[in-house]
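Okay, structure first, notes after.
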Amino acid sequence: MYFHGIENGGSLLSLGFILTSFAMIFWFRDVILEGTFLGNHTKQVQRGLNLGFALFIVSEVMAFFSVFWGFFHASLSPDIYVGSNWPPLGIDALNPFAIPLLNTLLLLSSGAFITYSHHALINGNRSGAILGAFLTIVLAILFTGLQYYEYAEAGFTFADSVYGTVFFASTGLHGMHVAVGTIFIIVGFVRLVLYHLTSDHHLGFESAILYWHFVDAPWLSSFLAVYSWGGAQYKQIQIQKIQTMMV
């Protein structure tokens, strides 16, 4: 309703976000109470939670698989509706070696910092664990801000042919996962500060780290396929401009 400009569509969208946020907050609260203060997270319960989270990651892989399937279906054999060319004619693709490359470095660096935080926690280095988690959050916020800036400056929209659709579907789906992962790590960071986590009992933090490492894979795929391959036209445009200036 919001996308199609129907009355009160924005209000319903906001209400949906608010209700989902409260559901997550109360869910996180109950899990923290059960695992930290009530002692309900026995080894058997932790194994079940680990298995459930692993299956959740598999479902996420399938979601991204469907998006990239659409991308390669359109790009490997572009039909006449997109000018039999990929990227479609008229699409000014983004430079993959500008913000996308910087975001790749930020995301990979954040993965290194959250791994350091995990190992520091296991080895009893609480200050190192807190520092690693904090730096991860900072880099994640920078990543999201740069992607927002890139969206604002893009010369095409979600409705500009199949290229615009698959570009924003793939990078936008990933951006949503980065936002969720950032919240996940923030919760773990707060629990670290509050002494909720120990070297041998930090299941929620481990799940957040696993989720964050999963987020790297779709981004690398997007950078190589959507940005770099899609940026081929950008390179051609730059070469044509240089040739024009030389003439």
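This one's a predicted model, so the numbers in the text were calculated from it and none came from an experiment.
- Under the 3.5 Å distance criterion, the side-chain polar atoms of Asp30 are left unmatched by any main-chain donor or acceptor of Trp27.
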Exercise. Would Val31 and His41 satisfy side-chain contact (heavy atoms from CB on, under 4.5 Å), going step by step from the backbone distance to the final call?
Worked result: CA-CA 9 Å; Val31 171; His41 285 184; 3.8 Å; yes

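- With rounding to the nearest 0.5 Å, the separation of NE2 in His201 from CD in Glu206 is 10.5 Å.
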Would you tabulate the side-chain donor-acceptor contacts of residues 5-20 under 3.5 Å, counting partners in other chains and residues two or more places apart, or write 'none'?
residue : atom : partner : partner atom : Å
Ser14   : OG   : Gly10   : O            : 3.0
Thr20   : OG1  : Gly16   : O            : 2.8

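- Of the possible donor and acceptor atoms, none in the side chain of Arg47 sits under 3.5 Å from a partner among the backbone N and O of Thr42.
- Residues satisfying the side-chain contact (heavy atoms from CB on, under 4.5 Å) criterion with Leu192, sequence neighbours excluded, are Ser117, Leu121, Ala129, Ile130, Ala133, Leu197, Phe205.
- Residue pairs meeting the ring pair (Phe, Tyr, Trp, His ring centres under 6.0 Å) criterion with at least one partner in residues 121-155, sequence neighbours excluded, are Phe143-His174, Phe143-Trp219, Tyr151-Phe168.
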For this session: Go through the steps to decide whether Val138 and Phe113 satisfy the test side-chain contact (heavy atoms from CB on, under 4.5 Å), and finish with yes or no.
Result: CA-CA 11 Å; Val138 171; Phe113 280 121; over 6 Å; no

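- Transitive grouping of hydrophobic side chains (ILVMFWY, heavy atoms separated by less than 4.5 Å) keeps Ile25 and Ile186 in distinct clusters.
- The same ILVMFWY cluster, assembled from side-chain heavy atoms under 4.5 Å apart, contains both Trp86 and Leu76.
- Here the straight-line distance linking atom CG of Leu142 with atom CG of Leu102 works out to 8.5 Å at 0.5 Å rounding.
- In this structure, the side chains of Val226 and Phe68 come closer than 4.5 Å at one or more pairs of heavy atoms.
- Annotation: side chain of Ile57 is in contact with side chain of Tyr211 (closest heavy-atom distance under 4.5 Å).
- In this view, Ser75 satisfies the side chain to side chain donor-acceptor pair (under 3.5 Å) rule with no residue, not counting sequence neighbours.
- The shortest non-hydrogen separation linking Trp212 to Thr136 is NE1-CG2, 4.0 Å.
- Side-chain heavy-atom separations under 4.5 angstrom define the hydrophobic clusters, and the remaining members of the one that includes Leu49 are Val45, Leu203.
- For the pair Ile122 and His202, the minimum side-chain heavy-atom distance is below 4.5 Å.
- Taking CZ of Phe64 as the start and OG of Ser59 as the end, the distance is 10.5 Å to the nearest 0.5 Å.
- Atom OG of Ser228 sits about 11.5 Å away from atom CG of Leu94, to the nearest 0.5 Å.
- Atom CE of Met24 sits about 14.5 Å away from atom CZ of Arg29, to the nearest 0.5 Å.
- Transitive grouping of hydrophobic side chains (ILVMFWY, heavy atoms separated by less than 4.5 Å) brings Phe56 and Met176 into a common cluster.
- The shortest heavy-atom contact between Gly128 and Tyr116 is O-CE2, 3.3 Å.
- Within 6.0 Å of CZ on Phe72 lie more than 12 heavy atoms contributed by other residues, nucleotides or ligands.
- His177 is linked by a side chain to side chain donor-acceptor pair (under 3.5 Å) to Glu60, counting only residues two or more places apart in sequence or in another chain.
- Residues that satisfy the side-chain contact (heavy atoms from CB on, under 4.5 Å) test with Leu224, not counting sequence neighbours, are absent from this structure.
- Side-chain contacts under 4.5 Å among hydrophobic residues (ILVMFWY), followed directly or transitively, place Tyr195 with no other residue at all.
- The aromatic rings of Phe184 and Phe28 sit tilted relative to each other, their planes meeting at an angle between 30° and 60°.
- Judged by distance alone, with hydrogens and angles left aside, the side-chain atoms of Ser77 form no donor-acceptor pair with the main-chain N or O of His73 at under 3.5 Å.
- Note on Met62 and Phe71: same hydrophobic cluster, where clusters join Ile, Leu, Val, Met, Phe, Trp and Tyr whose side-chain heavy atoms are under 4.5 Å apart, directly or indirectly.
- When atom types are taken as modelled, the side chain of Ser110 and the backbone of Leu139 share no donor-acceptor pair closer than 3.5 angstrom.
- The side-chain contact (heavy atoms from CB on, under 4.5 Å) check on Phe3 picks up nothing, with sequence neighbours excluded.
- For Ser170, there are no side chain to side chain donor-acceptor pair (under 3.5 Å) partners, not counting sequence neighbours.
- Both Leu101 and Val215 sit in one connected hydrophobic cluster of ILVMFWY residues. Membership requires side-chain heavy atoms under 4.5 Å apart, directly or through other members.
- The main-chain N or O of Asn123 is never found under 3.5 Å from a side-chain atom of Ser199 such that the two would form a donor-acceptor pair.
- Listed by chain and number, the residues in a side chain to side chain donor-acceptor pair (under 3.5 Å) with Asn125 are Ser127 (sequence neighbours excluded).
- Summarising the local packing, CZ of Phe189 is surrounded by more than 12 heavy atoms from other residues, nucleotides or ligands at distances under 6.0 Å.
- In this structure, Thr36 and Arg191 have side chains that are in contact, with non-hydrogen atoms separated by less than 4.5 Å.
- By the 4.5 Å heavy-atom criterion applied to side chains, Asn103 and Leu107 are not counted as neighbours.
- In this structure, CZ on Phe53 lies 9.5 Å from CZ on Phe214, to the nearest 0.5 angstrom.
- Hydrophobic cluster membership of Phe65, counting Ile, Leu, Val, Met, Phe, Trp and Tyr whose side-chain heavy atoms lie under 4.5 Å apart directly or via other members: Trp69.
- Put simply, the side chain of Ile114 reaches to within 4.5 Å of the side chain of His213, judged on heavy atoms.
- Side-chain contact check for Thr104 versus Leu220: some heavy-atom pair is nearer than 4.5 Å.
- Side-chain contact check for Asn95 versus Tyr227: every heavy-atom pair is 4.5 Å or farther apart.
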